[in-house]
Asks: 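Below is a structure I'd like to ask you about.
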Amino acid sequence: MRIGYPCINRSIGCSANRTFRLASYSEERLASTIAGNIACLKKILAWNRDRDILFFRITSDLVPFASHPACTFPWQDRFRNELAETGDFIRHAGIRISMHPDQFIVLNSPDEAVVSRSMDELAYHARVQDGMGLDTTAKIQLHVGGVYGDAAGSIARFVRTYGRLDPAIRRRLVVENDDRRFTAADCLEIHEQTGIPVLFDVFHHACKNNGEDLRTMIRLTGNTWESGDGIPMVDYSSQHPEKRAGGHADHIDTGDFLNFLEILRPCDRDIMLEIKDKEASALIAIALARENPRSR
DNA sequence: AATGGTCAAGTCAGC
DNA sequence: GCTGACTTGACCATT
C-alpha cells in the first residue's frame with residue numbers, strides 16, 4: 001500500500017504547474033516553463049521519497065498548452081533527457097504515478113470537436129509517462145463525462161469512443177466514479193464492455209451510489225485491475241465540515257481515515273489523498289497506516 | 001508588494 | 001441566463 005497526494009507540494013517552495021497566458025506564448029517562454037516545472041517535479045519526488053510518500057499525481061500543467069494548436073514546440077524531444085531522468089528516479093525510488101486530466105476532457109461528448117480535443121490531451125498525458133519510460137502501472141484517470149439527459153446513451157458513447165483510442169492511451173487509461181453523474185456501478189458496467197480498470201473514489205461513492213456495500217465495491221473495482229495495471233488505485237477524501245456536500249476537506253479527518261483503513265483491510269490499494277493541505281495530510285496518513293498495519 | 005480580474009478547454013446544478 | 005464547482009490556482013495589469 002502506497003499513500004500519496006496530488007500535484008502540489010506546499011512545503012518545498014517551488015511549483016511544477018507554472019503556466020502563462022496564451023497571449024504571452026512563445027517557444028522561449030514555453031521551454032523555460034517546462035524546464036522549471038520538471039526541475040520542481042524532481043525536487044518534489046525526492047522530498048516525497050525521503051518521507052516514504054511513494055504515490056504522486058503529476059500535474060497536467062507540466063507542459064502548458066501541450067495539446068493546444070498554438071504549441072508546435074517539440075517538447076518531448078527537447079526534454080527527452082530530463083523526462084528520462086525523472087522516470088529513472090521514479091522507478092528506482094519505487095514511486096507510483098498517476099495523472100488526472102481536468103474537466104475539459106470529455107470522451108463521451110456528443111460534440112466530435114470536444115472528443116477530438118480530449119483525445120489530443122490524453123495523448124499528451126500518455127507522452128509524458130512514455131517519455132519517462134514508465135510501465136503501464138502508471139495511469140491516467142478520467143471521469144465518464146456528461147449525462148446529456150441520457151445516462152445509458154452517454155455510457156454507450158464512452159464505450160464507443162474508448163474503442164477508437166490509440167493503444168498508447170488505452171493501456172494507461174482508467175475510469176473513475178464522480179460525485180454526481182456516474183457511479184462506481186456505472187464504471188463497472190463500462191469495464192464489462194471495455195476491460196478498462198475502475199479507479200474507485202471513496203468520497204464520490206459516498207456522495208452518489210445505489211446503496212451498494214462499500215467493502216463490496218472496493219473489492220469489485222479492484223478486480224478490474226489486471227497484473228500489468230499494478231495495485232488498484234483508490235482516491236480518498238472526506239467531507240469539508242462547512243462546504244457543500246462533495247466539498248473536499250482541508251485537512252485529513254483521522255477518525256474517518258482510520259475507519260477507511262479498517263474497511264479496506266484486507267485489500268491492498270494505493271491511496272491518493274485528495275485533501276487540500278496535500279503533503280501535510282499525507283504524512284499523517286502514512287503514520288496512521290504504519291500504526292495500523294494491514295496484515296496483522 | 002499586494003490585489004483583483006481573468007485565464008484554452010466542458011458540463012451541470014443552483015440560483 | 002449567469003455563476004460556481006470540479007483533482008489542482010497562477011498570471012499579470014494595475015495600484
Side-chain angles (χ1 to χ4, degrees), chain A residues 4-10 12-26 29-30 32-33 36-37 40-41 44 55-71 97-125 139-151 154 157-158 161 174-182 199-204 207-208 233-240 242-250 271-282:
Chain A
Y5 62 96
C7 306
I8 293 170
N9 178 300
R10 300 192 188 284
I12 293 182
C14 72
S15 166
N17 49 298
R18 297 290 296 271
T19 182
F20 51 88
R21 295 296 156 85
L22 185 57
S24 44
Y25 181 93
S26 71
R29 183 76 187 264
L30 181 61
S32 69
T33 302
N37 284 345
C40 178
L41 173 61
I44 293 174
F55 190 17
F56 189 67
R57 182 181 298 166
I58 295 176
T59 173
S60 295
D61 285 335
L62 192 72
V63 180
F65 304 107
S67 71
H68 192 280
C71 175
I97 292 296
S98 68
M99 297 179 82
H100 193 338
D102 65 1
Q103 62 267 33
F104 309 106
I105 287 61
V106 186
L107 285 183
N108 76 345
S109 174
D111 182 343
E112 180 56 32
V114 171
V115 175
S116 176
R117 281 196 293 272
S118 297
M119 286 180 170
D120 290 345
E121 180 73 356
L122 288 177
Y124 147 64
H125 283 74
K139 292 301 182 189
I140 301 167
Q141 62 188 87
L142 194 65
H143 295 298
V144 180
V147 176
Y148 313 99
D150 173 16
S154 296
R157 220 165 32 252
F158 182 97
T161 307
V174 302
V175 68
E176 176 193 358
N177 56 307
D178 65 83
D179 64 343
R180 53 181 72 183
R181 294 171 217 180
F182 294 100
L199 191 156
F200 185 64
D201 187 311
V202 188
F203 183 46
H204 289 165
C207 297
K208 184 168 168 65
M233 298 175 175
V234 295
D235 280 358
Y236 168 86
S237 185
S238 57
Q239 177 64 43
H240 189 291
E242 285 120 36
K243 288 187 186 169
R244 66 156 183 96
H248 288 235
D250 291 334
I271 305 172
M272 179 58 64
L273 296 183
E274 294 187 332
I275 295 178
K276 301 286 183 194
D277 69 0
K278 308 288 181 186
E279 75 280 5
S281 285

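Keep in mind it's a predicted model, so treat the numbers as computed, not measured. Proteins come first, then strands; the chains are lettered A, B, ... in the order of their sequence lines, and each starts at number 1.
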Asks: Does any non-hydrogen side-chain atom of A:Phe20 lie less than 4.5 Å from one of A:Leu30?
Replies: yes

Asks: Do any N or O atoms from the side chain of A:Tyr25 and from the backbone of A:Phe65 form a donor-acceptor pair under 3.5 angstrom?
Replies: no

Asks: Evaluate the side-chain proximity of A:Thr33 to A:Pro64: yes if any heavy-atom separation is below 4.5 Å, no if none is.
Replies: yes

Asks: Using both distances under 3.5 Å as the test, list the Watson-Crick or G-U wobble partner of C:dT8, or none.
Replies: none

Asks: Test your reading of the model: is there a side-chain donor-acceptor pair from A:Asn108 to the backbone of A:Gly146, 3.5 Å cut-off?
Replies: yes

Asks: Considering only atom P, compute the distance from B:dC7 to C:dC2 and round it to an integer number of Å.
Replies: 16 Å

Asks: Name the pairing partner of B:dA8, where a pair is Watson-Crick or G-U wobble with both distances under 3.5 Å, or state none.
Replies: none

Asks: Between which nucleotides of DNA chain C, read 5' to 3', does contact with chain A run, using atoms under 4.0 Å from its heavy atoms?
Replies: C:dA5 to C:dC12

Asks: Could you walk me through whether A:Phe203 and A:Tyr236 satisfy the ring-ring contact (aromatic ring centres under 6.0 Å, His included) test, starting with their C-alpha distance in whole Å, then the side-chain angles of each, then the deciding distance to 0.1 Å, before giving a yes or no?
Replies: CA-CA 6 Å; A:Phe203 183 46; A:Tyr236 168 86; 8.3 Å; no

Asks: Is a side-chain N or O of A:Thr161 found less than 3.5 angstrom from the main chain of A:Arg157, in a donor-acceptor match?
Replies: yes

Asks: Run the numbers on A:Ser237 and A:Glu274 for side-chain hydrogen bond (donor to acceptor under 3.5 Å, both in side chains), then give the verdict.
Replies: CA-CA 5 Å; A:Ser237 185; A:Glu274 294 187 332; over 6 Å; no

Asks: When rounded to the nearest Å, what value does the distance between C1' atoms of C:dA5 and B:dA9 take?
Replies: 16 Å

Asks: Take atom C1' in C:dT3 and the same atom in B:dT6, then report the distance between them in whole Å.
Replies: 15 Å

Asks: Checking A:Asp235 side chain against A:Asp201 main chain: does a donor-acceptor pair fall under 3.5 Å?
Replies: no

Asks: Please measure how far the P atom in C:dC11 lies from the corresponding atom in B:dA8, and state the result in whole Å.
Replies: 13 Å

Asks: With rounding to the closest Å, how many angstrom separate the P atoms on C:dG4 and B:dG4?
Replies: 15 Å

Asks: Could you encode protein contacts along nucleotides 5-15 of chain B as a string, one character per nucleotide from 5' to 3', using B for base contact, S for sugar-phosphate-only contact and - for no contact, with a heavy-atom cut-off of under 4.0 Å?
Replies: BBBBBBBSS--

